[in-house]
Amino acid sequence: MRSEKAMPVMIQGTHSDAGKSILVTALCRIFTEDGWRTAPFKSQNMALNSYITVDGKEIGRAQGVQAEAAGITATTDMNPVLIKPNRDNDAQIVVHGKPVSNMKASAYRSEYYDTAKQIITEAYHRLAGKYDRIVIEGAGSPAEVNLNDRELVNMSVAKMADAPVILVGDIDKGGVFASLVGTLQLLPERERDRVIGVVINKFRGDKKLLDPGLEWFEAYTGKPVLGVIPHIHDLQIEAEDSLSLSRYTRSRNTDKPIDIAVIEYPKISNFTDIDPFLFEQDCHVRFVKEAGELKRPNVIIMPGSKNTIEDLIYVQDKRLDKAITLARELGAIVVGICGGYQMLGNKVRDPYQVETNLEEVQGLNLLPIETTLSRHKKTVRSSGIVKWRAHNIPVKGYEIHMGTTVAEDTVSNFITMDDGQTDGARNNNVIGTYFHGIFHNDIFRRDFLNSLRIKKGLEPLQSSTSVQHFQEQEFERLAAHVRKAIDIPKLYERLSTYETVGGVK
């Protein structure tokens, strides 16, 4: 029997993007609604979308969102190890919110495994002493037989926490029974015994047609199907990584007056900065990878990047720089955030070869700024004032960047920080800022959109969507959707039985 207060349950998948993160988010909200003090946990996360905790530490965005769904404050114990790919076969290792090293995958497995395992174990046990329920998220598949001898995120974590496991399969991709059965058969018996049931995710159609398969599966494997979750349309909960980019469209929608184009480069990060525009009824957001796709948008957003120099070269090689410059000349507002801000300048220098072996690259020359990359990463929550259309608008955001940007005296600052410092630059219809989350500020977003509406001869909006209220509604919608699809009393019964018998011996 475990000594900690918390009862854990672990969500593992048959493959990446099976729906683990969103199911963890749903269970965090459901358990919280049912009166359990609940926390998420992912031992080791590989993602480029980050979340900054209140004490200025960096964790995977999914765990921050899951903590919000549970109504608690996120801490680094919920994601003690974050791996951020920055070059091919090379990644930045972030431990308890701070970078410790850049490593290749082989070096991480051979040299850092024992250290990471200890960090993960200590973080989990601290959480388990504070909460009633811990919802643990795995990664990829537990049946990666080539990696399982030294994995730190699936069955090894379930064993450490003595957690029962729910296996999730994505029927939308096809072959769900084969992937579920195959995964179970590849698990050693002791690990298979941890699986208390399976969930089939993203189902479309008539469930009666699926019932014979469910009956066969339960008879063949001896594992119950805890639920079949229908595909949920237009769920607006922030995504974890680039696999989720498929939920964004690449096509134009002329039915909506404001066209927002987001430049998608290979190392794109924190692209959830654009999500608030998805809540707005008059906005259409699309992602662009080729120069010919850009056309004449009203707004171009250059989002964050984990490797500014490589992504800047990509933009230039694809001739997106020419297309962006032409669109700006035709009236588009260009907004660069973090790495995108750095790209807008005249030069990006890398004297310590943080990102590449190039010491300097030419920028897009849309702002009179120069950036020098550094070894030190700044991670902090920030606040200040934006002056927009003669309004002084308070804004909040968070910064995650490795570099210093200096602007010429001729350019205006974008944000006056609460401490008197300044952030960003603005030159006519080109704006750059290090503030992630700038468009999550409802009043600023409304005024920003109104400036576009007035320019197009449309009436300005008198009210703005509340991002926080909308997010809460989406958490509630997700929880209700999953509660209807999964037999929650049966789940509680399976958890109770697992706890009573003392888990897997």
Side-chain angles (χ1 to χ4, degrees), residues 47-49 84-92 102 104 241-246 248-252 259-271 273-274 285-297 299-330 332-373 400-403 405 425 427 429-434:
L48 291 180
N49 273 356
K84 303 190 72 175
N86 51 20
R87 307 184 203 181
D88 290 342
N89 197 30
D90 189 83
Q92 182 183 76
N102 281 359
K104 296 188 180 299
D241 54 33
S242 58
L243 285 175
S244 301
L245 282 170
S246 60
Y248 300 97
T249 184
R250 301 188 186 283
S251 60
R252 302 182 76 192
D259 180 28
I260 300 175
V262 182
I263 307 301
E264 182 186 342
Y265 13 80
K267 296 296 192 300
I268 185 173
S269 68
N270 286 73
F271 51 85
D273 282 337
I274 59 92
V285 178
R286 56 190 175 92
F287 276 61
V288 169
K289 296 178 74 172
E290 303 288 340
E293 299 171 346
L294 189 60
K295 308 298 182 183
R296 292 186 59 179
V299 182
I300 299 169
I301 296 180
M302 305 278 290
S305 167
K306 189 61 188 71
N307 192 311
T308 298
I309 289 178
E310 286 189 1
D311 281 347
L312 175 56
I313 292 171
Y314 171 89
V315 167
Q316 294 165 339
D317 286 347
K318 291 286 188 177
R319 299 186 65 81
L320 278 162
D321 55 338
K322 307 296 184 186
I324 292 167
T325 299
L326 177 60
R328 180 191 65 82
E329 291 171 353
L330 294 173
I333 296 178
V334 181
V335 182
I337 302 173
C338 199
Y341 168 38
Q342 296 172 341
M343 293 182 207
L344 293 178
N346 299 331
K347 292 180 181 178
V348 179
R349 297 189 176 90
D350 191 3
Y352 305 106
Q353 298 188 355
V354 173
E355 294 186 346
T356 68
N357 58 4
L358 301 173
E359 292 189 1
E360 181 179 293
V361 291
Q362 191 76 18
L364 302 187
N365 297 310
L366 294 177
L367 281 175
I369 60 171
E370 294 187 359
T371 297
T372 302
L373 302 181
I400 314 171
H401 57 93
M402 301 178 72
T405 298
N427 188 16
N429 59 339
V430 181
I431 300 166
T433 179
Y434 277 120

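Positions are given from 1, in the same order as the sequence printed here. The basis for the numbers below is simple: all heavy atoms, side chains too, and nothing from hydrogens, waters or symmetry mates.
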Looking at residues at least two apart in the chain, or sitting in another chain, which of them share a salt bridge (charged side-chain N to carboxylate O under 4.0 Å, His left out) with [X]?
{"X": "Glu359", "result": "none"}
{"X": "Lys289", "result": "none"}
{"X": "Glu370", "result": "Arg349"}

Legend entry - Carboxylate-amine/guanidinium contact Lys267 Glu310, below 4.0 Å: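 Salt bridge: yes.
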Listed partners of [X] passing side chain to side chain contact (heavy atoms under 4.5 Å, CB included), at least two apart:
{"X": "Asp350", "answer": "Ile309, Val354, Glu355, Thr356, Leu373"}
{"X": "Arg252", "answer": "Asp259, Arg286, Lys295"}
{"X": "Ala332", "answer": "Ile300, Ala327"}

Hey, could you give me the [atom1]/[atom2] distance between [X] and [Y], rounded to the nearest 0.5 Å?
{"X": "Ser305", "Y": "Ile268", "atom1": "OG", "atom2": "CD1", "result": "8.5 Å"}
{"X": "Ile337", "Y": "Ile431", "atom1": "CD1", "atom2": "CD1", "result": "10.0 Å"}
{"X": "Asn49", "Y": "Lys84", "atom1": "CG", "atom2": "NZ", "result": "8.5 Å"}
{"X": "Gln342", "Y": "Thr308", "atom1": "CD", "atom2": "OG1", "result": "4.0 Å"}
{"X": "Asp321", "Y": "Met343", "atom1": "CG", "atom2": "CE", "result": "11.5 Å"}

Inset, instruction - Check the angle between the aromatic planes of Tyr434 and Tyr341 and answer parallel, tilted or perpendicular using the 30° and 60° thresholds. - result: perpendicular
Legend entry - side-chain contact (heavy atoms from CB on, under 4.5 Å) evaluation trace for Glu293 with Glu264: CA-CA 11 Å; Glu293 299 171 346; Glu264 182 186 342; over 6 Å; no
Legend entry - Sidechain-backbone polar pair: Asn270 side chain, Pro303 backbone, donor-acceptor under 3.5 Å: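 Such a contact is absent between Asn270 side chain and Pro303 backbone.
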Legend entry - Flag, side chain of Asn86 to backbone of Asn307, donor-acceptor distance under 3.5 Å: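 No, because the side chain of Asn86 does not come within donor-acceptor range (under 3.5 Å) of the backbone of Asn307.
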Inset, instruction - Compare all side-chain heavy atoms of Ile260 with those of Pro297 and state whether any distance is below 4.5 angstrom. - result: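 SC-SC contact between Ile260 and Pro297 ruled out.
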Inset, instruction - For side-chain contact (heavy atoms from CB on, under 4.5 Å), just list the numbers for Leu294 and Ile263, CA-CA rounded to whole Å, side-chain angles, deciding distance to a tenth of an Å, and then say yes or no. - result: CA-CA 9 Å; Leu294 189 60; Ile263 307 301; 4.2 Å; yes
